[in-house]
Structures are given as structure tokens and as C-alpha cells.
Asks: 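Handing you this structure, nothing more for now.
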There are 2 protein chains.
Amino acid sequence: MLGTDKQLESILSALEQADTLDGMQSVSEALRDHYKVDHLVYHWVDSAGDQYGCGTYSDAWQDQYLSQNYVRIDPVVQGCYQRFHPVDWKRLDWSSKAAREFLRTSAEYGVGNQGYSIPIRGPNGQFALFTVNHNCDDAEWTKFTEENRRDLILIAHYFNEKALEFEPGRQPIQQSSLSPREIDAMTLLAMGYSRAQVANSLSISEHTLRVYIESARFKLGALNTTHAVARAMSRGLIVV
Amino acid sequence: MLGTDKQLESILSALEQADTLDGMQSVSEALRDHYKVDHLVYHWVDSAGDQYGCGTYSDAWQDQYLSQNYVRIDPVVQGCYQRFHPVDWKRLDWSSKAAREFLRTSAEYGVGNQGYSIPIRGPNGQFALFTVNHNCDDAEWTKFTEENRRDLILIAHYFNEKALEFEPGRQPIQQSSLSPREIDAMTLLAMGYSRAQVANSLSISEHTLRVYIESARFKLGALNTTHAVARAMSRGLIVV
DNA sequence: TTTCCACTCCCCAGATATAGCGAGGGCAAC
DNA sequence: GTTGCCCTCGCTATATCTGGGGAGTGGAAA
């Protein structure tokens, strides 16, 4: 547990003082050695498929993952996106053919059979994963995750805190939040209403509604209504 | 620190076994006594304005907060919504007239002058706050928050985990999967491309694309394209 | 006080999406 | 070897959305 482990303390101090991605990389390697696991990875899953991370997976696997756009079929990402609590890979849905194929390929690149991933969310819909990976039997893995669950949650938190520090454009608190009416409009559009229906629901003319949509589109830097709704959702401005 | 404190351990065990909001309420009272602070509050902030929570603020203050819709002006909520890391209330922006008025009123209801709040985010844009509040001088408060920062992050995490358990409709994760092409289509639409652009990107005719969109709409039970994209996003089928 | 911003309303034309038909090849599972 | 799903292509007409203008109110901040 934290506080009872001098070595872990010093590693976390190093993380807090890291000021580059390389620094985080070193910390993940140190943590991997500390916990005696095969891999330890922080993975930022960003919009538009831009994603980065740091960790101990091989470069070859990272390249493969990105080039094959595995994020779209990775059950770990899919599963964590729906959850709040950390999840053991065994509890995910590996039934689809693509998922099994993905698993098989990952093993070829040195990814272990056991995994434990923690979803992390930041402002504006930011989403990331913190994963510990190992090769061992179920009993051993269960013991490990139960013993270290709390540590891992905290470490995940600290990794994300660092990653957000590095990310430009995240810190300047973009105050381009939507007005109440704009949020109403975006919300109802996301619920599938047509403009006429939305206007009716809000008891305003369709013309007025259009101004809100355009205004929201402008604020969100969106190219069209669908884009605006998508951005509003991913930034957590509306909930559907 | 966790793991070095038997009393805190037992309180957290009680939290893990809580199965009602009242149970969480009791835990927050126990934690307040444990940390010897004035208040300790978990506050679920829903976009629709539906909000609930549990904690040790007086009923009168909670009623006042809800009836006055303070969530819209509360600098703690506003500030935490843009941040990832825990934040001391002193670092928030209290400059607006509404904020100062709010602060003055809160003091009348027994809210202390010092506060430390942790933002928490779950799937589908869920957002909550975990706050510790006290009446003391700055030095004492800084010492307290620095010493207990890690504990508080973890406790916040556990509170939210419980709250999500209680929330109906959050658990059922239905996986109606889209085909790869449908996911491509939905993703590109969410990125703001028009149908013509999407068709071009995928190197297919616009007619074919339309079939995918319709098929995805059908699978998602969506009324139109925007709705389909919104549903695909909130179900984590596409990552934008 | 003035300046900003949110909110409300109006017209019109062109671009885009939706809805209705239908058709064939490939691949996998039952 | 039939059934079902995925991928691909076509046409046409109507509904809806987008983009270009302009205009007035009220409230809150500088």
C-alpha cells in the first residue's frame, strides 16, 4: 500500500517531477520492475484517433496497434469506455472474431494473457487507460490485482494528471461553453429530434433555433450539426 | 495513508458494502469524524440539473442549494468541471458578484471557509464532486490537504463507484455491434465530414455509404444520422 | 453608461440528407 | 446449400438543413 513502501514513494515522486513524456516512460519502467509485471502502460485515447501513451509495450506492438487502428476493436478500450471501475481483462467481451484475432496478435508481440485496466476521464471528454499486463495464471493475477487495486487507481490518476499537463490547449480553460439554449438545442438534436421538433419542444421558431445551432457550431468549431453534437458530447457539454 | 490506518480501513470497508444512499451518508459522517473536519460531501452533478449527493452539509443548505439552482454559479462546480486534479477552493475564481454572494450565503448555513474538491468523471459524461470542507486558517488547511490528498482521491473514487452502482440504467451495457464499415461511416460523420466526403474517404460511392448509415441507424434505433452518431458515441462504439 | 452577449424573430435560395425502389457477389455459419 | 450478413453499386423525388442577409429586446459586466 502507498505510504508503507519507500521504493514506490520515490517512484511516484519521480513521476510528479517528470516534465517530459520520456520521464513518464522511465517511471512506467520503474513501476513495472517494482511490481514485477510484464507491462505497464498509460494510453491516451484521443479524438480523431490521435492517441498516444507511454509504457513498456514493445515499439513494434505500438506501431502495429496504431497502424492497424486497433483502438476500434480493442475490447479493453471498448469495455473501459463504458465503465468507471477498474476491470480485469477476463471480464471483458472477447467473443467477437476480431477481438480473438486481436488477442492472438497481441500475444505474438509479447503482451501477456492477464490484464487489468483502469479508465480515466478528464475535462472535455478526455479519456485514457492505465493498464497493467502480465503472464501468469488466474489465481496469481487475482491476488495481485486485489492487493494493488488502490495503488493502481492512484497511479493511474497521477499519470493522467501528468499527461494533461503536457497536453497543450488543455490547460487554458476554454470558456467556450455553450449557452443554456444552445445546450438545449444540442441535447434535443442528439436525441434524434428534427429541427422542427426541437423548435417545437423549446417553444421557439425554427429560425431562432437555427441561430442557436449555428452559434453552437461556431463555438465548437464544428463543420455541421452532426459534428457539433459529437463535439458537445465528447466534451461532456451534453449528456444523452 | 491508506494501509496504515485501521480505522480508515474499516470505514472504507463499510463504504464498499453500503447498499443504499443512507449507507453512504453514514460513511461520510464517519469519515468527517475521522478526519476531524466540518464537512465531507459527495455531490453528483447531472447536466439536466438533476443532482443528488450525500454528505454532512445541513439539510437547510442542501435545500437552499437546490432551490436556488446554485449549481449554475457555484465556482467549485464550475472550476472542477474544467479540471482534472483536486483543487483548493482558494484557487478558484470568486471574483464575480454572484460567486461572492454565494460564498457569503453558504457561510450562513455553516459551510466552512476552507474547501478541497475532487472532480470525478464516469461514463457517458457523468460528473461528480467530492468535497472536504472546514473552518481553519490557510496554513492548517494546506497541511491537511497535502497530507491527505491521496486518501481523498481514493475515497472520492470509491464514493463515485458506489453512486454509479445505485444509478439505474448505467449498468446495462448492451452491445449491438456495428460492422467495420458502419463504424467507419459513423466515425467520419462524427468528425464532421459530409456524406460526399465520407464516401470519398472510404473510396466507396455515396449510395453505398448511405446503406451503411441506414443500417447503422436501424441497429442503433436512431431516428436520423445525428441521432445515430450520438448513440454510437454514448455506447462507446466509436471514439471521437 | 456603454458595450457586450443571450435570446427572439423574419425571408430566401442552394446544398445536402432522407426515403423509396432494386441488384449482385462474397463469406461464414447452421 | 440455404440462410443471413456484409460489401458494393444504381436512380429519383421530396424533406431538411445550411448559409447569406437584417433587427429588436433585455440583462450583466466593464
Side-chain angles (χ1 to χ4, degrees), chain A residues 72-73 95-101 174-230 232 237, chain B residues 69 72-73 75 78 93-102 175-230 237:
Chain A
R72 290 192 183 174
I73 56 166
S95 60
S96 85
K97 206 178 73 175
R100 272 179 278 113
E101 173 71 15
Q174 54 180 54
Q175 205 50 286
S176 64
S177 59
L178 301 178
S179 78
R181 273 322 221 189
E182 287 160 357
I183 289 176
D184 291 340
M186 290 293 106
T187 302
L188 292 169
L189 286 171
M191 288 165 61
Y193 292 170
S194 71
R195 291 208 310 197
Q197 288 173 312
V198 173
N200 193 42
S201 293
L202 297 178
S203 302
I204 56 177
S205 77
E206 201 175 330
H207 311 282
T208 303
L209 171 68
R210 214 189 56 192
V211 177
Y212 295 142
I213 299 174
E214 279 176 23
S215 170
R217 247 203 346 253
F218 176 76
K219 286 182 181 174
L220 295 166
L223 298 166
N224 53 44
T225 302
T226 300
H227 195 197
V229 169
L237 299 173
Chain B
N69 213 0
R72 291 206 174 167
I73 56 165
Q78 306 298 325
D93 176 22
W94 297 92
S95 60
S96 84
K97 205 178 69 176
R100 272 179 279 114
E101 171 70 15
F102 166 74
Q175 269 298 24
S176 68
S177 62
L178 299 178
S179 79
R181 277 318 223 188
E182 286 159 358
I183 290 176
D184 290 340
M186 290 295 106
T187 303
L188 291 169
L189 286 171
M191 287 165 61
Y193 292 168
S194 71
R195 293 207 309 197
Q197 288 173 311
V198 173
N200 193 41
S201 294
L202 298 177
S203 301
I204 56 176
S205 77
E206 202 175 329
H207 310 282
T208 303
L209 172 68
R210 214 191 56 191
V211 178
Y212 296 143
I213 298 174
E214 280 176 19
S215 170
R217 248 205 346 250
F218 175 76
K219 287 182 182 174
L220 295 166
L223 298 166
N224 54 44
T225 301
T226 300
H227 195 197
V229 169
L237 299 173

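A note on names: the letters A, B, ... follow the listed sequences, proteins ahead of strands, and every chain is numbered from 1.
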Asks: Can you measure A/Glu182 atom CD to C/dC7 atom P for me and round it to whole angstrom units?
Replies: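 Atom CD in A/Glu182 sits about 6 Å away from atom P in C/dC7.
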
Asks: For B/His227 and D/dT16, give me the distance from atom NE2 to atom C1', rounded to whole Å.
Replies: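 Atom NE2 in B/His227 sits about 17 Å away from atom C1' in D/dT16.
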
Asks: Ignoring backbone atoms, test whether A/Arg181 places a side-chain nitrogen or oxygen under 4.0 Å from the OP1 or OP2 oxygen of C/dT8.
Replies: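 True: A/Arg181 side-chain N/O within range (under 4.0 Å) of C/dT8 OP1/OP2.
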
Asks: Whole angstroms only, please: what is the OH-P distance between B/Tyr212 and D/dC9?
Replies: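 In whole Å, D/dC9 P and B/Tyr212 OH are 8 Å from each other.
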
Asks: Need one value for B/Thr208: base, sugar-phosphate or nothing, where a base atom within 4.0 Å counts as base even if backbone is also close, heavy atoms only.
Replies: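 If one applies the 4.0 Å heavy-atom cut-off, B/Thr208 turns out to touch a base.
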
Asks: Check whether any side-chain N or O of B/Ser201 sits under 3.5 Å from a backbone N or O of B/Gln197 as a donor-acceptor pair, and report yes or no.
Replies: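 It does hold such a pair.
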
Asks: Identify whether any heavy atom of A/Ser215 sits under 4.0 Å from a base atom; if not, whether one sits that close to sugar-phosphate; answer base, sugar-phosphate or nothing.
Replies: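 Since no nucleic acid heavy atom lies under 4.0 Å of A/Ser215, the category is nothing.
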
Asks: Taking atom P of D/dG24 as reference, at what distance in whole Å does atom CD1 of A/Ile204 sit?
Replies: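 After rounding, the gap between these two atoms is 20 Å.
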
Asks: When you measure from the side-chain N and O atoms of A/Lys219 to the phosphate of C/dA6, is any distance below 4.0 Å, counting only OP1 and OP2?
Replies: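 So the side-chain polar atoms of A/Lys219 do come within 4.0 Å of the phosphate oxygens OP1 or OP2 of C/dA6, strictly under.
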
Asks: Would a distance-only check, ignoring hydrogens and angles, find a side-chain to backbone donor-acceptor pair under 3.5 Å from A/Thr187 to A/Ile183?
Replies: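 Here the side-chain-to-backbone pair exists.
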
Asks: Of all the heavy-atom pairs spanning A/Leu178 and A/Met186, show the shortest one and how long it is.
Replies: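 That closest heavy-atom pairing would be CD1-CG, 4.0 Å.
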
Asks: What's the CG-P distance between A/Leu202 and C/dT8, to the nearest Å?
Replies: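 Rounded to whole Å, this separation is 8 Å.
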
Asks: Do B/Arg181 and B/Ile204 have side-chain heavy atoms sitting under 4.5 Å apart?
Replies: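 B/Arg181 vs B/Ile204: side chains touch.
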
Asks: Grab the CD1-P distance between A/Ile213 and C/dA6 for me, whole Å please.
Replies: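 For the pair A/Ile213 CD1 and C/dA6 P, the rounded distance is 16 Å.
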
Asks: Between atom CD in B/Glu214 and atom P in C/dC21, what is the gap in whole Å?
Replies: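 Going from CD in B/Glu214 over to P in C/dC21 covers 11 Å.
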
Asks: Could you work out which one of C/dC7, D/dC11, D/dC17 sits closest to the side chain of B/Arg210?
Replies: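 Selected nucleotide (nearest to the side chain): D/dC11.
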
Asks: Starting at the 5' end of DNA chain D, which residue's closest nucleotide do you reach first, B/Glu206 or A/Tyr193?
Replies: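 Result of the comparison: B/Glu206.
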
Asks: Kindly determine whether B/Glu206 and B/Arg210 satisfy salt bridge (charged side-chain N to carboxylate O under 4.0 Å, His left out), including the steps that lead there.
Replies: CA-CA 6 Å; B/Glu206 202 175 329; B/Arg210 214 191 56 191; over 6 Å; no

Asks: Could you work out which one of D/dC9, D/dC7, C/dA6 sits closest to the side chain of A/Ser179?
Replies: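 Output: C/dA6.
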
Asks: For D/dG10, does OP1 or OP2 lie under 4.0 Å from any side-chain N or O of B/Ser205?
Replies: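 So the side-chain polar atoms of B/Ser205 do come within 4.0 Å of the phosphate oxygens OP1 or OP2 of D/dG10, strictly under.
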
Asks: Please compare B/Ser203 and B/Asn224 by the position of their nearest nucleotide in DNA chain D and report the one closer to 5'.
Replies: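 In this pair, the answer is B/Ser203.
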
Asks: D/dC17 phosphate, OP1 or OP2: any side-chain N/O from A/Arg217 under 4.0 angstrom?
Replies: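 A/Arg217 to D/dC17 OP1/OP2: no side-chain N or O under 4.0 Å.
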
Asks: Counting heavy atoms from C-beta on, name the nucleotide in C/dA17, C/dA19, D/dC17 closest to the side chain of B/Thr225.
Replies: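 Comparing C/dA17, C/dA19, D/dC17 against the side chain of B/Thr225, the answer is C/dA17.
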
Asks: Once you round it to whole Å, what is the distance between C1' of C/dA23 and NE2 of B/His207?
Replies: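 Answer to the nearest Å: 14 Å.
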
